[in-house]
Amino acid sequence: MTPGTHQLPSAVVVDAVDHFFGEGDSRSQVLFNNSLRIEPGELVIMTGPSGSGKTTLLTLIGALRSLQSGRIEVLGHSLAGLQKRDLMAVRRNIGFIFQMHNLFDSLSAFENVKMAMQLSKCRPSEMRRRGTEVLERLGLGHRIDHKPRMLSGGQRQRVAVARALVNRPNLILADEPTAALDKDSSRIVVDLLKELSREGCTVMMVTHDNRILELADRIINMVDGNIKSNVVLRDAVRICEFLRTVDLFKHLTPIEITNIAEKMMLRRYRNGEIIIREGDPGEEFFLIGLGLVDVNRRMAASEEKKVATLSAGGFFGESALIADQPRNATCTAASEHVEVFSLGKADFRQALKASASFKDQIHSVYFQRQ
Amino acid sequence: MDVAATTTSLVDIGRATLARPSFKSHGSTRVPLAWRNLLADKRRLLRSITGISFAVLLMFLQLGFRNAFLDSALRVIQSIDADIVLMSTTKFRFGRKDPFSRRQLYAARAAEGVLSVRPIYGEWMTSIWKNPETQKTYNAQVLAFDPDEPVFLLPEVNQHLQELRQPDTALSDANARRFYGTASAGTETELSRRRIRIIGTFALGPDFTTDGTLILSDRNFLKFFASDRLAAGTLADVELGAVKVQPGYAAEEVKQSLRQLLPGNVAVRTKAEMLALETAFQNSVSPVGPIFLLGTAIGFVVGMMISYQVLYTDLSDQLPQYATLKAMGYDNAYLVQVVLTQSIFYALIAWLPAWGLGLLLYRLIGDVALLPMHMTFGIVIGTLAITIAMCAIAGLLAVRRVLKADPSDVF
């Protein structure tokens, strides 16, 4: 088994995805080798300037465009090579919230929501109940039979949100869902999205609304068709908290710590799994987020001996990176669930260059361990 | 701000609102999107319906004119009391003079199953009628028969048989075009520069080539139009021979007997065949019949263009909404169904006022133009079918706009 790969099936997997618009001379690339993995129940916020490719990526994940290269898996379905009918079937499991509400002016708020329920073919009595309840939940209980032209912009957008949520999709893709909403309406919508994510629904949202960034589990920043950062906020906060408690990092500024945290990737291990092996080339630095890790070294008689047990906040793997030597110890997960955050060699060395004090501290620690 | 405080907890909503849907089909639960879209903007609906109705009314009128044209041309033939009609083989329509020898009528009387053979004389070219009021002259259709052997199914004619025997008398068509002038009983005027006295009227009406009709006795007819034959005491040529078959004999059977008996220059046709011959001529040889069909086709095309424009505008205005439906997982078949249903609603709603207005115009035109404009069952069903087809085709053309809508564009 490959270390760190035994997580639950991901809600969204994007792997080496490129995308082009136009043909012939006018063909231009808008996405460049993007990869990401979104776990079930995450509330993901995508940020980035206009034209950075976030909406294109969202439409590819939403099966609204055909995949040109790379691999995308949504809710366990690979989208590569799917026919239109199959893409349509995938879309029925996704709730879409658009920047424009796109409600039929001819239909009441309830009927617009019912258009979504029709696809699920639920019982008429259940339709009335579910549609009414979701509209009431969004503060529109007294507007159920109103046509869109009799609703304010915020109310229309909330009807559109109700339409996306009423079938309780496993994945919600939203493009600026709160752009047309005031503060209170925005809070209602975001609270509902957050609630859904807690219940296992994955939410991906393009937004520039700073008011809701705090609710995100993950923030993906795109620039010029590339995912520049993909940060799990909960992990980032944990990493920063750990880093701050370690003498080695206490002199770094909050920005330097955040920059390091953003580049660290979460990996999970089960008890007994080897994380690094003595003698192997060193490629990553590790910070323990959860659980225990045993450090074993080979003795003179080729016997391994545990020399330390590290717990949450402990770190290992730095020696081989600094000295550019093979690993000098084997580190093994020593509890049922172990989570470690890894930082690549290049990023680790860049961090060293960025902070002289950080470098000195690392060297100090390294030499203490010799 | 209307964000009403709600007592429903998030957990409750999680259980109730966001419960998994059951997968059981309920056709009656569908939102009537096509109907709702149709009624969404009443003013636009009124404008659209007016446009489509105008085209449908155009078709109503064209088909009405065509029917009136055919009916009026057949009316005189239907007035002849005959089971079989003898006529010249080269006579291709009723209103064209093409006589044959009266001797053939005597020969025909010898055929088995023949009850009677009565002559009908006709003149269309040299029969100049002078309007008794304006003194202006016009061509008239003049028909004649032997008052001892009545041949028309027109009751007014049969009531004046005795008067018709008097010299220089005629019955005039009370439904003739107004420019013929009023010619009631007692009116004296000229027919082909000879004085003639009107002894009564009958109701026949004009057609598209005949403005008015006079009915004379055979002797008066010969006096006016074949005086040389009358003077010579020779038999005049006849236009038609009206044959009645004896009870117990089938018209087709007697027709075969007559066919064997008569020479090749005399055609033997049942009355139905003569009506069919006239209809075929008016439909395909005469330019008038096709012109009305062309008019109907133009109405169809105009209506289709109006319907297309109406639907295209409707769909264009709601393109993001339809693209959203596609994004939600609705397939093209559903979108086609919605647009087609909406187009059929347009057809039905636009047809109704056109039908009502058509009824009114039929009556007005019938009165003014003296044409038999009848809203027949065929016209009612035909225009309804054509209107539905017209709007459905327009809908199928317009729906391409929706089918091309890219759901990714709504993001």
Side-chain angles (χ1 to χ4, degrees), chain A residues 55-56 58-59 62 64-65 85 88-89 91-94 96 98-100 102-107 111 114-124 126-127 129-130 133-134 136-137 139-143 147 152 155 163 165-168 173 175 182 184-185 188 191-192 195-196 199 201 206, chain B residues 1-41 45 314 317-334 338 342 405-411:
Chain A
T55 299
T56 304
L58 211 60
T59 53
L64 297 170
R65 293 183 194 280
R85 178 173 292 272
M88 193 178 64
R91 292 205 292 267
R92 289 188 177 186
N93 293 317
I94 301 173
F96 294 96
F98 307 102
Q99 195 167 355
M100 302 300 292
N102 296 337
L103 300 174
F104 277 99
D105 289 334
S106 58
L107 303 182
E111 286 174 326
K114 192 176 172 185
M115 287 299 292
M117 287 189 280
Q118 267 180 190
L119 286 168
S120 69
K121 297 184 175 69
C122 69
R123 287 189 297 272
E126 197 179 340
M127 276 190 187
R129 185 177 59 78
R130 286 170 53 204
E133 284 177 354
V134 74
E136 282 175 349
R137 175 65 183 85
L140 293 168
H142 59 309
R143 293 281 192 271
K147 298 276 176 65
S152 68
Q155 289 171 334
R163 180 179 60 188
L165 305 187
V166 71
N167 285 336
R168 202 187 184 195
L173 301 179
D175 186 16
D182 56 37
D184 292 337
S185 301
I188 288 176
D191 282 350
L192 190 51
E195 174 203 333
L196 285 167
E199 292 177 358
C201 173
V206 170
Chain B
M1 184 61 227
D2 69 312
V3 182
T6 174
T7 55
T8 312
S9 72
L10 296 181
V11 176
D12 289 340
I13 292 297
R15 286 200 200 104
T17 310
L18 307 175
R20 290 274 172 222
S22 59
F23 287 86
K24 185 178 177 183
S25 177
H26 292 275
S28 61
T29 64
R30 297 186 83 83
V31 174
L33 183 58
W35 181 250
R36 293 277 194 274
N37 282 347
L38 187 82
L39 300 179
D41 185 338
L45 175 64
D314 271 6
D317 289 349
Q318 299 188 97
L319 208 53
Q321 284 83 344
Y322 282 107
T324 301
L325 290 187
K326 291 175 88 168
M328 287 161 63
Y330 279 97
D331 57 12
N332 283 341
Y334 175 78
V338 168
Q342 192 174 342
D406 186 348
S408 64
D409 286 344
V410 294
F411 255 110

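Note: hydrogens, waters and symmetry copies are ignored here, and every other heavy atom, side chains too, is used. Throughout, protein chains are lettered first and strands after them, A, B, ... in sequence-line order, and every chain is numbered starting at 1. Just so it is clear, the structure is predicted and the values come from calculations on it, not from any experiment.
The contact between Asp406(B) and chain A is made entirely by side chain atoms (from C-beta outward), counting heavy-atom distances below 4.5 Å. Contacts between Tyr334(B) and chain A at a heavy-atom distance below 4.5 Å involve the side chain alone, from C-beta outward. Heavy atoms of Met115(A) lying under 4.5 Å from chain B belong to its backbone as well as its side chain. With a threshold of 4.5 angstrom between heavy atoms, Phe104(A) approaches chain B through its backbone and through its side chain. For Leu103(A), the part sitting under 4.5 Å from any heavy atom of chain B is the backbone (N, CA, C, O) and nothing else.
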Apply side chain to side chain contact (heavy atoms under 4.5 Å, CB included) to the pair Ser106(A) and Leu39(B), showing each step before the final yes or no. CA-CA 7 Å; Ser106(A) 58; Leu39(B) 300 179; over 6 Å; no
Start with the C-alpha distance between Leu173(A) and Phe96(A), add both sets of side-chain angles, then the distance that settles side chain to side chain contact (heavy atoms under 4.5 Å, CB included), and finish with yes or no. CA-CA 5 Å; Leu173(A) 301 179; Phe96(A) 294 96; 3.9 Å; yes
From CA spacing to verdict: side chain to side chain contact (heavy atoms under 4.5 Å, CB included), Asn167(A), Met117(A): CA-CA 6 Å; Asn167(A) 285 336; Met117(A) 287 189 280; 3.8 Å; yes
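Contact record, Asn102(A) with Gln321(B): O-CG, 3.4 Å, taken as the closest heavy-atom pair.
Glu133(A) pairs with exactly one of Arg130(A), Arg137(A), Arg129(A) by the salt bridge (Lys or Arg N to Asp or Glu O under 4.0 Å) rule, that one being Arg129(A).
Ranked by non-hydrogen atom pairs under 4.5 Å with chain A, the options Ala323(B), Pro32(B), Ala327(B) are led by Ala327(B). For the set Asp331(B), Leu325(B), Asn332(B), Thr324(B), the count of heavy-atom pairs under 4.5 angstrom toward chain A peaks at Thr324(B).
Put simply, the side chain of Asp314(B) does not reach to within 4.5 Å of the side chain of Asn37(B), judged on heavy atoms.
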